[in-house]
Amino acid sequence: MDFRFDIIVEYFPFFMKGMGLTILMSVIGVLMGCILGFFIALGKMSSVWIVRLPFVWYINFLRGTPLLVQLFLFHYAVLPTVIGETTPVISVIVTLSLNSSAYVAEIFRAGLQSIDKGQAEAAHSLGMNKFQVMRHVLLPQAFKRSIPPLGNEFIVLLKDSSLGAMIAAQEILYWGRAASGQYLRVWEPYLMVALLYLILTLGLTYLLNYIERRFDVK
């Protein structure tokens with residue numbers, strides 16, 4: 001097979017630039033997803049059905065529709081209507097954040113509901129109010145139990161950020177498509193794209209394994 005390394009050498013700076021943008025969009029997406037997901041999880045756990053209903057359908061919509069469709073909707077319709085003008089990077093970050101929040105909400109909900117109710121009742125009997133029980137008893141344990149699925153969600157989000165190439169966000173796949181279009185070659189640019197994503201996901205996997213050992217997650 002005729003493998004042209006010169007294409008990879010020429011586009012290497014662009015691939016590095018795209019790698020940085022991929023990491024940035026993924027980190028912001030997962031952080032915003034965690035913040036939003038926490039409050040959405042609390043909303044879905046409400047005992048009042050009229051309060052719970054919008055959170056249930058928020059999660060249903062974002063988990064039940066393709067991420068690429070959501071990206072097109074936010075980039076071409078929702079964000080231009082709401083803020084007037086958007087960029088591909090902003091659209092990707094907003095879409096990843098909202099999509100991730102739906103999955104993170106379910107992770108947090110499962111983590112909170114997995115804790116024995118007796119612990120909350122015991123804390124109440126000691127004089128703690130609801131906020132104190134959540135802050136000192138439930139959240140630390142729920143967070144610890146949520147670390148493995150949150151790590152998986154981060155890895156999925158990292159790979160899903162490649163959809164940003166469909167709206168010209170200049171991440172890794174965008175530059176792979178650019179190199180492929182310029183030289184009409186497939187192997188070199190897309191093997192490089194695959195290699196960079198593999199490096200990112202393996203690095204993240206090792207980092208998450210360290211965090212799990214650090215928090216003694218079992």
Side-chain angles (χ1 to χ4, degrees), residues 21-47 49 51-75 77-79 82 86 88-115 134 138-167 169 171-173 197-198 200-212 214-215 217-218:
L21 184 59
T22 295
I23 294 172
L24 177 67
M25 292 191 301
S26 303
V27 169
I28 295 177
V30 79
L31 288 177
M32 293 300 297
C34 285
I35 295 170
L36 291 172
F38 173 71
F39 292 104
I40 293 167
L42 294 181
K44 187 176 180 182
M45 292 170 64
S46 172
S47 56
W49 74 269
V51 175
R52 188 170 61 246
L53 189 63
F55 295 101
V56 170
W57 278 103
Y58 175 90
I59 294 172
N60 287 343
F61 175 78
L62 289 170
R63 294 182 67 188
T65 55
L67 181 57
L68 182 59
V69 174
Q70 296 168 21
L71 181 60
F72 286 156
L73 282 174
F74 280 108
H75 183 61
V78 177
L79 290 178
V82 174
T86 184
V89 173
I90 292 176
S91 297
V92 172
I93 290 175
V94 170
T95 306
L96 290 180
S97 300
L98 296 178
N99 182 270
S100 178
S101 70
Y103 289 91
V104 172
E106 288 297 81
I107 292 171
F108 281 152
R109 182 189 60 78
L112 288 169
Q113 291 182 338
S114 69
I115 300 170
M134 181 67 75
L138 300 181
L139 277 183
Q141 297 183 74
F143 174 74
K144 191 174 176 180
R145 295 181 182 182
S146 300
I147 288 176
L150 282 176
N152 292 333
E153 171 61 20
F154 195 1
I155 291 173
V156 170
L157 200 71
L158 185 72
K159 292 186 291 185
D160 283 346
S161 67
S162 63
L163 293 176
M166 300 298 106
I167 58 171
E171 44 70 70
I172 299 174
L173 182 59
Y197 274 108
L198 185 61
L200 289 176
T201 53
L202 286 179
L204 186 56
T205 299
Y206 285 120
L207 175 63
L208 292 168
N209 288 339
Y210 169 77
I211 293 174
E212 289 180 20
R214 182 74 176 78
F215 284 91
V217 177
K218 298 178 180 177

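Any value given below was found using the heavy atoms of this structure, including those in side chains, with hydrogens, waters and symmetry copies removed.
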[X] versus [Y], closest heavy-atom pair with distance:
X    : Y    : result
A142 : S146 : O-OG, 2.7 Å
C34  : L150 : SG-CD2, 4.2 Å
G37  : F108 : C-CD1, 4.0 Å
A105 : A41  : O-CB, 3.3 Å
T22  : S161 : CG2-OG, 3.3 Å

Y197 atom OH: more than 12 heavy-atom contacts under 6.0 Å: yes
Would you compute the distance between atom [atom1] of [X] and atom [atom2] of [Y] and round it to the nearest 0.5 angstrom?
X    : Y    : atom1 : atom2 : answer
W57  : L53  : CH2   : CG    : 8.0 Å
K44  : L112 : NZ    : CG    : 12.5 Å
L71  : L163 : CG    : CG    : 6.5 Å
I40  : I35  : CD1   : CD1   : 11.5 Å
I172 : L158 : CD1   : CG    : 7.5 Å
E171 : L24  : CD    : CG    : 12.5 Å

Answer whether the closest heavy-atom distance between the side chains of [X] and [Y] falls below 4.5 Å.
X    : Y    : answer
S97  : I93  : yes
I115 : R145 : yes
M32  : S100 : no
L67  : L96  : yes
E106 : R63  : yes
L42  : F55  : no
F74  : L98  : yes
Y58  : S101 : yes

side-chain contact (heavy atoms from CB on, under 4.5 Å) assessment of V78 paired with V94: CA-CA 11 Å; V78 177; V94 170; over 6 Å; no
Candidates L157, I90, V92 - the one meeting side chain to side chain contact (heavy atoms under 4.5 Å, CB included) with M25: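 So, applying the side chain to side chain contact (heavy atoms under 4.5 Å, CB included) to M25 and each of L157, I90, V92, only V92 qualifies.
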Donor-acceptor under 3.5 Å (Q70 side chain, L62 main chain):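 Yes, because the side chain of Q70 sits within donor-acceptor range (under 3.5 Å) of the backbone of L62.
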Side-chain H-bond candidate by donor/acceptor type, S91 with T86, under 3.5 Å: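 There is such a pair between these side chains.
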